[in-house]
**Q** 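The structure is given below, and queries will be raised subsequently.
Chain A is the first sequence line, chain B the second, and so forth, proteins listed ahead of strands; every chain is numbered from 1.
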Number of protein chains: 4
Amino acid sequence: MASVGKRLPRSVREQQMLDAAIREFAQHGFHAANMDAIAERAGVSKPMVYAYLGTKDELFVACLRREAGRLLEAVAGVVDSDLPPDQQLWRGLRGFFAYVGKHRDGWAVLYRQARSREPFASELAAMRRAMVEVIAERLALALAGHGRSVPAEELESIALALVGAGESLADRLVDTPQEDPERVATRMMGAIWLGAERQLHGEVWRTHQDQSA
Amino acid sequence: MASVGKRLPRSVREQQMLDAAIREFAQHGFHAANMDAIAERAGVSKPMVYAYLGTKDELFVACLRREAGRLLEAVAGVVDSDLPPDQQLWRGLRGFFAYVGKHRDGWAVLYRQARSREPFASELAAMRRAMVEVIAERLALALAGHGRSVPAEELESIALALVGAGESLADRLVDTPQEDPERVATRMMGAIWLGAERQLHGEVWRTHQDQSA
Amino acid sequence: MASVGKRLPRSVREQQMLDAAIREFAQHGFHAANMDAIAERAGVSKPMVYAYLGTKDELFVACLRREAGRLLEAVAGVVDSDLPPDQQLWRGLRGFFAYVGKHRDGWAVLYRQARSREPFASELAAMRRAMVEVIAERLALALAGHGRSVPAEELESIALALVGAGESLADRLVDTPQEDPERVATRMMGAIWLGAERQLHGEVWRTHQDQSA
Amino acid sequence: MASVGKRLPRSVREQQMLDAAIREFAQHGFHAANMDAIAERAGVSKPMVYAYLGTKDELFVACLRREAGRLLEAVAGVVDSDLPPDQQLWRGLRGFFAYVGKHRDGWAVLYRQARSREPFASELAAMRRAMVEVIAERLALALAGHGRSVPAEELESIALALVGAGESLADRLVDTPQEDPERVATRMMGAIWLGAERQLHGEVWRTHQDQSA
DNA sequence: TATGAATGAGTTTTCATTCAT
DNA sequence: AATGAATGAAAACTCATTCAT
């Protein structure tokens, strides 16, 4: 259906299958996704899918990995570790939202699926932790540059909140065709960075803080 | 198994079933959850479950609603709309994390499940939107109190980021037994509010902002 | 198909299913046997089979066990351990062949199937070993009664040969409708016992034995 | 994998394939045996297997035939029809067990497998019948040499029992690496021949025989 | 000669769901 | 009110077998 040509080399077919699978997974969710449907979308018989990409689980993981890789490239390609931290953050976010906005069927949706379904959740959780680590580290570097330091736990919470906020905005971006990735990135910088910066400069929010101080 | 089929009144039975269902859903996820298992956990035969709570989907929705209701109560019970906005936020967050921390099998898990699975996703999305609205509104009120205003879109993004950050931290809270809800709430205030406040006071983050200013 | 009645108690249905399964297995062999066909033969839907008797493997084992039990009863019921060993052997054989002859679809065929297919083979091998042990023991007792003894290994080989001969004759019995179980038993006694007796009396066959001695 | 696709002559390739197939069949049984695996073991692509040896069934039969032929040679090569019957039997058995002991994969797998699986069973049954005939004939000749005769049916039963005992011992031989073929053959002669001889000499076992006589 | 690519057809197994009692 | 008995429907996965190159 998707293609007419027969007898293509393996690498090509695999990409077709991944494309098909990603669409199907994105549309119906992991469970409701149907191996028959995936095969049909790819213009291939089911056994080919199994032969090339294995089990449904394995196939899903393959999709996840391909999309994660692409996203990573898209982000890594625009972040330069010599820049000041807020510029890094900004570029990273812009790259991230741009990618998500461009591939509305890709990463973000799979990610949603995977987060709640073992055995993918664990794998994803690891990726996520890695990303949180990276961000926390950048923040620590930025602090060090200002001669300050903040407890690691604190930093991780900031990073985690940041990631969560990013996911949340990405979700909306995916579901809202007219939304502009660049604007989303800008807003997120506004919502997050300004506060993070204050924290990094030593300000603390306290239950009974004196607001005017 | 859980109880000895004692000819209980309908409302009690229903609660038992919901308890059982929530555990099962939390443990295995919506799809892998098994109606047989739920019935057994509830100490009831399957037809009873169907008679009282309907289809698997309906049952899940019932679970969702009960937990959402309880969470809402928990939060609404501690927020007083006469307080200054940051205090409202703080109390709301504390209530939220406290509830999530106490019912690790409840809301957060169902929520995770539901977000990626139609037809629940839409319903959840609605709840979520409502919550974002509420928060955005509070922020607007606070601003008005300071004689300022910010475009509605901006406010919603802030609120959305806030909600996302909250979910993210709640997720970790659920998965991390030793984590203390109070501390999580405090950190979140730090990570978010400080920044939101700056935004609310008119500061803006810009691509080429002058960092030293 | 086999029955018309609906809504029968579990125990009855289980027997019907076992009957059906045994026929199917006997007719087509384990692998080629078809769960659909078994269900149909039993006049039941497939899920019932799975619900009551489990997996194809488990079902086969259940068949095996039922038939083994019946055979055992049939044999044990006619052997009296107070009789002299040759009488025990004779009665055991007669019971065995009689049973096999009467249930040509039952034990012998399943046994054939099972011997070559893991994971049943191991289980069967155990039964077989047990039977060989029992026979070897009887032989040892008989010898002791005559004040003689023979190395255990030797005895086991005799017993094993005996069992093999029995299986062989049983196989033919199953495939040869006109054959008479009683006659088969008699012949086997002739072919085996006369020789065993000589061995038990101390005679030995040797490569270069003097035949006239 | 086994060899490096060297453009070998057909006959060689065929033998390699048969070797591979026999191993696979022996290891997994006919059904579970996998054509892919066989091809891989043979270091050849699947279409080659089909081109040279045909269908899975045909391939199995080919294996069967090759092994049967070799076994036959091994036995026929050592039996001299001028020898006295017990010597013929002895040599035959020794040859048989020696072969089985040396080619554990061939015998066990093929023969064991084939006995329970149509359409091979019939073919095997024929071989078996032939062998029983041959043995019965030898026995008849031996009897004639002594001026005696025994009903054909009787002889066949003896032969059949003999074959069964042989198979049984062969099976154990296959499963018991430390067992010595020569010893097995000796024991079988002891267990079987002594009795057969008595029968051939006119003794009969009877239900109520006088044991002391 | 030799093979990577491709598939039709079938199997076991599982579940949500509903009668009949 | 309550349940054991029963099933329709579907989904994942496998394999022997054959083209097209």
**Q** To the nearest angstrom, how far is Leu8(C) atom CG from dT7(F) atom C1'?
**A**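 Distance check: Leu8(C) CG to dT7(F) C1' gives 15 Å.
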**Q** Once ring pair (Phe, Tyr, Trp, His ring centres under 6.0 Å) is applied, do any residues pair with His28(B), and if so which ones, sequence neighbours excluded?
**A**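 Partners of His28(B) under the ring pair (Phe, Tyr, Trp, His ring centres under 6.0 Å) test: none.
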**Q** Any side-chain N or O of Arg13(A) less than 4.0 Å from the OP1 or OP2 oxygen of dA6(E)?
**A**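 Answer is yes, contact under 4.0 Å.
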**Q** Closer than 4.0 Å, any side-chain N/O of Tyr52(B) to the OP1 or OP2 of dA2(F)?
**A**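 The answer is yes; a side-chain N or O of Tyr52(B) sits under 4.0 Å from OP1 or OP2.
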**Q** What integer distance in Å separates His28(C):NE2 from dT12(E):P?
**A**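 After rounding, the gap between these two atoms is 12 Å.
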**Q** Using whole Å, report how far CD of Glu40(D) lies from P of dC15(F).
**A**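 Nearest whole value for this atom pair: 13 Å.
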**Q** Once you apply a heavy-atom cut-off of 4.0 Å, does Arg10(A) come out as touching a base, just sugar-phosphate, or nothing?
**A**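 Arg10(A): backbone/sugar contact only, no base atoms under 4.0 Å.
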**Q** Judged by atom type as modelled, is there a donor-acceptor pair below 3.5 Å linking the side chain of Gln113(A) to the main-chain atoms of Ala26(A)?
**A**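 Between the backbone of Ala26(A) and the side chain of Gln113(A) there is no qualifying donor-acceptor contact (under 3.5 Å).
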**Q** Protein within reach of the bases, or only the backbone? For nucleotides 16-21 of chain F, mark each nucleotide 5' to 3' as B, S or -, using heavy atoms under 4.0 Å.
**A** SBBBS-
**Q** Partners of Arg10(A) by salt bridge (Lys or Arg N to Asp or Glu O under 4.0 Å), sequence neighbours excluded?
**A**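 Salt bridge (Lys or Arg N to Asp or Glu O under 4.0 Å) list for Arg10(A), sorted by chain: Glu14(A).
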**Q** State, with a plain yes or no, whether a side-chain heavy atom of Arg41(C) is found less than 4.5 Å away from one of Gln27(C).
**A**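 When only atoms from C-beta onward are counted, Gln27(C) and Arg41(C) do touch, with a gap below 4.5 Å.
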**Q** To the nearest Å, how far apart are Ile38(A) CD1 and dA11(F) C1'?
**A**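 For the pair Ile38(A) CD1 and dA11(F) C1', the rounded distance is 12 Å.
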**Q** Can you tell me the distance, in whole Å, between the CG atom of Leu59(A) and the P atom of dA11(F)?
**A**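 Going from Leu59(A) (CG) to dA11(F) (P), I get 16 Å.
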**Q** Tell me which of Met48(D) and Met17(A) sits closer to the 5' end of DNA chain E, going by the nucleotide each one is nearest to.
**A**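 So the residue in question is Met48(D).
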**Q** Lys46(C): which residues meet the salt bridge (Lys or Arg N to Asp or Glu O under 4.0 Å) condition with it, sequence neighbours left out?
**A**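 Here the qualifying residues are Asp36(C).
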**Q** Tell me which pairs pass side chain to side chain donor-acceptor pair (under 3.5 Å) where either residue lies in residues 58-68 of chain B, with sequence neighbours left out.
**A**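 Side chain to side chain donor-acceptor pair (under 3.5 Å) check on residues 58-68 of chain B returns Gln15(B)-Arg66(B), Asp19(B)-Arg66(B), Arg65(B)-Glu123(B), Glu67(B)-Tyr99(B).
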**Q** In this structure, how many angstroms lie between the C1' atom of dA12(F) and the CG atom of Leu53(A), rounded?
**A**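 About 15 Å, once rounded to whole Å.
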**Q** Can you run through DNA chain E from 5' to 3' and write each base as (, ), [, ], | or . depending on how it pairs? Watson-Crick or G-U wobble, both distances under 3.5 Å.
**A** .||||||||||||||||||||
**Q** Side chain to side chain contact (heavy atoms under 4.5 Å, CB included) with Ala121(B): which residues, sequence neighbours excluded?
**A**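 So Ala121(B) forms a side chain to side chain contact (heavy atoms under 4.5 Å, CB included) with Glu118(B).
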**Q** Listed by chain and number, what are the salt bridge (Lys or Arg N to Asp or Glu O under 4.0 Å) partners of Asp57(A), not counting sequence neighbours?
**A**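 Listed in chain order: nothing, the list is empty.
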**Q** Can you sort out the partners of Phe30(B) under ring pair (Phe, Tyr, Trp, His ring centres under 6.0 Å), two or more places apart, ordered by chain and number?
**A**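 Here the qualifying residues are Phe25(B), Phe60(B), Phe120(B).
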